[in-house]
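Here's the structure, in structure tokens; my notes come after.
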There are 2 protein chains.
Amino acid sequence: MKMTIKEIAKLAGVSQATVSKIINNYDDVGAKTKERVLGIMEEHGYRPSYAAQSLVKKVTKVVGVIYAGKINANFNHPFFVDVMSMFKKTMGAEGYDLLFFSNEKFHKNNENYLARCQHYNVDGCIIIGGDEVEPSVYELDQSEIPCIGIDLPLSGKHSGYIMTDNAKISALAVEHFYLLGERNIAFIGGKKTSNISTERLHGFKEVMKTYGLPVKEDWIKHGDFFEESGFIAMNELLEQEECPEAVFAASDLMAMGAVRAIKESGRKIEDFAVIGCDDITASRYIDPPLTTVKQDKDKIGKMAAYVLKDMINNQIEQTSVRVEPELIIRESCSEKKRQLR
Amino acid sequence: MKMTIKEIAKLAGVSQATVSKIINNYDDVGAKTKERVLGIMEEHGYRPSYAAQSLVKKVTKVVGVIYAGKINANFNHPFFVDVMSMFKKTMGAEGYDLLFFSNEKFHKNNENYLARCQHYNVDGCIIIGGDEVEPSVYELDQSEIPCIGIDLPLSGKHSGYIMTDNAKISALAVEHFYLLGERNIAFIGGKKTSNISTERLHGFKEVMKTYGLPVKEDWIKHGDFFEESGFIAMNELLEQEECPEAVFAASDLMAMGAVRAIKESGRKIEDFAVIGCDDITASRYIDPPLTTVKQDKDKIGKMAAYVLKDMINNQIEQTSVRVEPELIIRESCSEKKRQLR
DNA sequence: GAAACAATATAAAACGGTTTCGTTCATATG
DNA sequence: CATATGAACGAAACCGTTTTATATTGTTTC
């Protein structure tokens, strides 16, 4: 059923070498021979074996995808889904397939990322931001394998990263609050150990200072970028004696959780101003439509693909790209809403 | 840097064969030898090459993932994202990694799915429902390669599929409408050529008949399961002289589009009853929270993994699973809402 | 008609593993 | 002591390709 190059060669009455050369577009093959062999290959639906090819060539046309951090985390986070969608599309256009490593296997065999990449001999890989910097990520980062991080600052010679300008994200949010007269502003970030969370928090504190607003440590909470954690964080804020009326959540999902907490506590959502981050698809449909700092997910995915491809083909070194965020004003925090209060 | 089995063997002073046997857990290797070799492997971070292994073994521990239909379609549809998330997790626990085929490559080289699977020698594959049955899918379906379809009825000897009971989905929706007194019910389905769309439409017509309700062809629209198509379909419905007040959309995303169309047309959303399908995460957060027929995405993903695994390991034949849907009542169509009218 | 040159084709070694079948050696058996 | 037994290991063939070096043609050229 499944043909090998040997059988094709026999059928065509030529040597393996000739068939192989046809597959690989060598130019020392006669036109009519080529024609005939091509016909036979087509007829029998022959495809060269990936294993055999990648064993001898050193190229696989496969890139690995690693969701760092908690088991399976981020695979279904809307932000990463959108980024990966564009990444997949762009890499696909260049002829690359994507190998998603299962984290479960890692944990069971106590394996590391580098070993997996070597095992599959991937041309490169993309690492989707984990909560913290695992030793295993560092090892891969420092290796010869080109890799690029999403929301994860890699520093190796053959690495790079793409992420939004995190300080600016916070700046846009706080500035918007400030202009609308909000003064009691809380911050819900991701895990303390996560890099982007740190950058956003730092940016938040900086710009608060710039506007002369006080940063209350009690008003700084940490979640995990998913909805439930925003809900929990907001509940903690609501329980405090002095409760903030403005909340900047470092992800739309957490912002949605915060909104839910406010509603379920019996308070009126109109009395709060909420800004999220990411601009996931859902955010314009929820109630109230969410004001958010948009991350350009398409651009991030595309840039990741371009940079990775460049690293693979041209041994480009250490490239990192910062993408500009953009404020999207909707009703959860807007001028119109302010006037209602 | 990257070690081969030969080098490990030399370092340990044993033959390749012995090292290989240790890797593959043969029992004719002495305990102390094993210990020593294992130590050396560990020390040098040695991992056997996937290519070399899969060349000789016939097993790869990799399963292919195919998004059938339009380029890249469904990769970021929330329903499939959730299903795949659980599928990935479950397969991962069994030691499988997932290879996502790029559709772009398909189209460029005019390749077929079967050829790709053979090229990579995947142990099996999962096909995520396309809009229509492509010849390429049929070919794979009929092949020796175990594959299972999500929302795609495969019929080959080595194939199976998992999907929700589509007729029942429609039945639950219409029944709910009926009990709330709705009589003018429209249907927004997926592509006419898509199987699940056909099943849901058929179920819809059947149950409408059962309740003695008229089925107006003008009130049957077709989208593509994404938001925009629901928006367009609803606008078409609104333009009609006789406009339905109840709409069942075959996906939450289309339902969201329908809601948006109603709002943007200047009508009051309270005057309409909308039911979606899937119960994606966003549906409980939107305005109004969406009444929907829930599909058990976790179960679908899990079952897909179990069945596929079974097919790979035990040559089980043709297994298909129908999963029960469940009505989730929220405010877009509820008793409370009815009383407001 | 011989020499030189292209243009095509092939043989064979690699790539990094697995697995079958022997071989070796120590121990148990009668 | 001769033999059977079994544990531990190794030689070599094989998996399906690519690629280098070499061989075989057929044409020119002088």
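Below, read A as the first sequence line, B as the second, and so on, with proteins coming before strands; counting in each chain starts at 1. What's counted below: heavy atoms across the whole structure, side chains too, no hydrogens, waters or symmetry copies.
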Working for side chain to side chain contact (heavy atoms under 4.5 Å, CB included), residues B:V65 and B:L99: CA-CA 6 Å; B:V65 178; B:L99 184 62; over 6 Å; no
Distance in angstrom units between B:R36 CZ and D:dA8 C1', rounded: 12 Å
Could you check which of D:dT17, C:dG16, C:dT18 has an atom nearest any side-chain atom of B:T4? C:dG16
Using only atom types and a distance under 3.5 Å, with no angle test, would you say the side chain of A:E7 pairs donor to acceptor with the backbone of A:T4? yes
State, yes or no, whether a side-chain contact exists between B:F80 and B:F225 at a heavy-atom distance under 4.5 Å. no
CG of B:L55 versus C1' of C:dT19: gap in Å, rounded? 14 Å
Please work out if B:Y46 contacts a base, only the sugar-phosphate, or nothing of the nucleic acid, heavy-atom cut-off 4.0 Å. sugar-phosphate
Modelled atom types, side-chain donor and acceptor of B:Y120 and A:D97, under 3.5 Å: yes
Side chain proximity check, A:I23 to A:Y46, heavy atoms < 4.5 angstrom: yes
Pairing annotation in dot-bracket form, given for DNA chain C with Watson-Crick or G-U pairs under 3.5 Å and | for cross-strand partners: ||||||||||||||||||||||||||||||
Rounded distance (Å) that lies between atom C1' of C:dG17 and atom CD of B:E7: 13 Å
Report the C-alpha distance between B:L98 and B:V62 in whole Å, list the side-chain angles of each, state the deciding distance to 0.1 Å, and finish with yes or no for side chain to side chain contact (heavy atoms under 4.5 Å, CB included). CA-CA 6 Å; B:L98 268 38; B:V62 167; over 6 Å; no
Taking 4.0 angstrom as the limit, do A:K21 and A:D28 come out as a salt bridge? yes
Counting only side-chain N and O atoms of A:S15, is one of them less than 4.0 Å from OP1 or OP2 of C:dT10? yes
In whole angstroms, the gap separating C1' of D:dT17 from CE of A:M3 amounts to 16 Å
5' precedence on DNA chain D between A:A51 and B:G13 (nearest-nucleotide basis): B:G13
Heavy atoms only, 4.0 Å cut-off, all strands: where does A:T18 land among base, sugar-phosphate and nothing? base
Output for pair (B:E134 CD, B:D141 CG), nearest 0.5 Å, gives 12.5 Å
Quick one: label B:V14 by what it contacts on the DNA or RNA (base, sugar-phosphate, nothing), any heavy atom closer than 4.0 Å. sugar-phosphate
Side-chain donor-acceptor pair present, A:K309, A:N314, cut-off under 3.5 Å: no
Measure the distance from OH on A:Y120 to P on C:dG16 and round it to the nearest whole Å. 18 Å
Could you tell me the separation between the CD atom of A:Q16 and the P atom of D:dC15, rounded to a whole number of Å? 11 Å
Sugar-phosphate, base or nothing in reach of A:T33, heavy atoms under 4.0 Å: sugar-phosphate
Does this structure show an ion pair linking A:K58 with A:D123, if we count only N-O contacts that are shorter than 4.0 Å? no
Distance, rounded to the nearest Å, where A:H119 contributes NE2 and C:dG17 contributes P: 10 Å
Among the nucleotides C:dT18, D:dT17, C:dT10, whichever has the atom closest to the side chain of B:I5 is C:dT18
C:dG16 OP1/OP2 closer than 4.0 Å to side-chain N/O of B:Q53: no
So, with a heavy-atom separation below 4.0 Å from DNA chain D, the residues of residues 20-29 of chain A are A:S20, A:K21, A:N24, A:Y26
From NZ of B:K57 across to P of C:dT18 the rounded distance in Å is 6 Å
